[in-house]
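First up is the structure itself, then whatever we jot down about it.
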Amino acid sequence: MGVDREQLVEQVLTLVESVPVGRVTTYGALAAAVGFGGPRWVGNVMAQYGATVPWWRVVRADGTLPASHRRAALAHYRAESTPLRYDANARAARVDLRMAGWEPPG
DNA sequence: GGGTTGACCAATG
DNA sequence: TCATTGGCCAACC
């Protein structure tokens with residue numbers, strides 16, 4: 001059956017809203033959950049509509065923060081006590097996916 | 001219809 | 001851990 005693109009977008013946003021506080025999921029996991037598009041498509045959806053949902057709970061597969069928003073995301077993580085990992089050089093902070101990784105239902 | 005662009009991913013060294 | 005490589009999918013021009 002043909003599913004509307006708009007409905008798929010809503011499904012992605014709903015899944016993002018269902019991510020527990022202090023936990024995160026990945027673009028790829030969301031794409032797999034909705035069974036449509038791919039990680040890059042989900043990234044595109046977030047770029048457009050992410051402002052209406054807790055976008056900081058969606059990170060890349062290796063735990064790095066979404067581009068262009070890492071500073072704002074860090075403030076949220078600190079507020080939510082999200083487990084973070086710091087590089088040896090402390091160049092960039094990443095979410096500890098072992099601890100905070102959350103798999104969306106699909 | 002082809003080239004380019006994204007808030008991407010996994011394998012490899 | 002980092003950089004490179006190839007693949008991925010839809011939107012836009």
Side-chain angles (χ1 to χ4, degrees):
Chain A
M1 291 295 287
V3 184
D4 277 316
R5 181 179 57 76
E6 193 172 322
Q7 201 155 18
L8 290 164
V9 169
E10 295 242 352
Q11 192 174 350
V12 170
L13 296 180
T14 298
L15 284 175
V16 174
E17 286 176 337
S18 64
V19 178
V21 175
R23 303 280 216 101
V24 298
T25 190
T26 66
Y27 297 97
L30 290 171
V34 300
F36 175 85
R40 305 199 67 152
W41 178 75
V42 173
N44 243 330
V45 171
M46 293 305 289
Q48 281 188 67
Y49 308 95
T52 63
V53 295
W55 52 264
W56 59 91
R57 294 183 195 147
V58 184
V59 299
R60 286 164 68 148
D62 57 359
T64 52
L65 279 42
S68 302
H69 291 285
R70 47 184 175 179
R71 187 163 170 83
L74 266 178
H76 284 290
Y77 297 149
R78 193 173 57 166
E80 298 182 357
S81 302
T82 305
L84 296 178
R85 286 193 65 217
Y86 293 89
D87 305 358
N89 295 335
R91 247 191 324 189
R94 292 191 284 180
V95 175
D96 188 346
L97 285 179
R98 295 177 306 179
M99 294 274 119
W102 181 83
E103 187 73 16

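These numbers come from a predicted model, not from an experiment.
The span of DNA chain B lying next to chain A, judged by atoms under 4.0 Å from heavy atoms, is bounded 5' to 3' by B:dG6 to B:dA10.
Residue pairs that meet the side chain to side chain donor-acceptor pair (under 3.5 Å) test with at least one member in residues 97-106 of chain A, sequence neighbours left out, are A:Asp96-A:Arg98.
In this structure, CG of A:Asp4 is placed 15 Å from C1' of C:dA10, rounded to the nearest angstrom.
Taking a 4.0 Å limit (strictly below) on heavy-atom distances, residues 22-30 of chain A does not reach DNA chain C anywhere. Listed by residue number, A:Phe36, A:Gly37, A:Gly38, A:Arg40, A:Trp41 are the residues of residues 35-55 of chain A with a heavy-atom contact under 4.0 Å to DNA chain C.
Interatomic distance, A:Leu74 CG to A:His69 NE2, rounded to the nearest 0.5 Å: 13.5 Å.
Judged as a salt bridge (Lys or Arg N to Asp or Glu O under 4.0 Å), and not counting sequence neighbours, A:Arg71 has no contacts. When the salt bridge (Lys or Arg N to Asp or Glu O under 4.0 Å) test is applied to A:Glu10, no partner is found at least two apart in sequence or on another chain.
Residues A:Val21 and A:Arg57 are in side-chain contact: their nearest non-hydrogen atoms beyond the backbone lie under 4.5 Å apart. Using a 4.5 Å cut-off on side-chain heavy atoms (C-beta onward), A:Gln48 and A:Val9 make no contact. A:Pro104 has its side chain out of reach of A:Val34: every pair of non-hydrogen atoms, C-beta onward, lies at least 4.5 Å apart. Looking only at side-chain heavy atoms (C-beta outward), A:Trp56 and A:Glu80 come within less than 4.5 Å of each other.
Counting non-hydrogen atoms under 4.0 angstrom, A:Arg94 reaches the backbone sugars and phosphates but no base.
Proximity of a side-chain donor or acceptor of A:Asp4 to a complementary backbone N or O of A:Glu6 within less than 3.5 Å is not detected.
Ring-centre distance between A:Trp41 and A:Tyr27: not below the 6.0 Å cut-off.
For B:dA7 and C:dT5, the P atoms lie 23 Å apart once the distance is rounded to whole Å.
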